[in-house]
K.L.:
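Pasting a structure below so you can have a look.
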Amino acid sequence: MKYAVYENIRKIRELKNFTREYMAAELNMSASGYGKIERGDVDLTVSKLIEISKVLEVSIEFVFKFDVSIFFSESR
């Protein structure tokens with residue numbers, strides 16, 4: 001479960017067509033530092049998660065519960 005949040009951040013960023021560089025600039029950090037967040041190489045603080053969710057324009061709850069499969073489910 002720990003890595004689901006990091007993976008969700010990456011997936012949401014990609015769906016919004018935001019680059020890692022854009023996210024890093026918005027968060028006032030280096031691109032490599034932001035990359036460590038997406039890879040789960042660093043522990044994510046609550047305050048940083050709040051900042052990320054603001055940049056992604058989603059709620060923190062959305063980041064935790066995001067499931068990319070909702071975009072690809074077939075309804076027949």
K.L.:
Salt bridge or not between K54 and E26? Use side-chain N to carboxylate O under 4.0 Å.
P.N.:
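The answer is no: the pair does not qualify as a salt bridge.
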
K.L.:
Determine the minimum heavy-atom distance between R20 and G35, stating which atoms define it.
P.N.:
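Minimum heavy-atom separation between R20 and G35: CD-CA, 4.4 Å.
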
K.L.:
Could you walk me through whether K16 and V58 pass side chain to side chain contact (heavy atoms under 4.5 Å, CB included), step by step?
P.N.:
CA-CA 11 Å; K16 290 187 168 273; V58 297; 4.2 Å; yes

K.L.:
Could you tell me whether K48 atom NZ has more than 12 heavy atoms of other residues or ligands within 6.0 Å of it?
P.N.:
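Yes, NZ of K48 has more than 12 neighbouring heavy atoms, counting only those of other groups under 6.0 Å.
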
K.L.:
With rounding to the nearest 0.5 Å, note down the distance linking CD1 in I37 to CD1 in I52.
P.N.:
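Answer rounded to 0.5 Å: 4.5 Å.
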
K.L.:
Measure the shortest side-chain to side-chain distance between F66 and I12 over non-hydrogen atoms and say whether it is less than 4.5 angstrom.
P.N.:
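Heavy-atom side-chain distance check passes, below 4.5 Å.
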
K.L.:
Check whether any side-chain heavy atom of I9 sits under 4.5 Å from a side-chain heavy atom of L49, and report yes or no.
P.N.:
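In contact.
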
K.L.:
Is there side-chain contact between L56 and M23, with at least one heavy-atom pair below 4.5 Å?
P.N.:
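When only atoms from C-beta onward are counted, M23 and L56 do touch, with a gap below 4.5 Å.
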
K.L.:
State the OG-NZ distance between S59 and K65, to the nearest 0.5 angstrom.
P.N.:
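Rounded to the nearest 0.5 Å, the OG-NZ separation comes out at 9.0 Å.
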
K.L.:
Check this for me: does any side-chain nitrogen of one of E14 and K11 sit under 4.0 Å from a carboxylate oxygen of the other?
P.N.:
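So E14 does not pair with K11 through a salt bridge.
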
K.L.:
Decide yes or no for R10 and E7: does some side-chain heavy atom of the first lie under 4.5 Å from some side-chain heavy atom of the second?
P.N.:
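R10 vs E7: side chains touch.
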
K.L.:
Can any side-chain N or O of R13 pair as donor or acceptor with the backbone N or O of F18 at less than 3.5 Å?
P.N.:
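Checked: pair present.
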
K.L.:
At what distance, to the nearest 0.5 angstrom, does CG of N8 lie from CG of D67?
P.N.:
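One finds 8.0 Å between CG of N8 and CG of D67.
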
K.L.:
May I ask you to decide if V42's main-chain N or O and Y6's side chain share a donor-acceptor pair within less than 3.5 Å?
P.N.:
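Present.
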
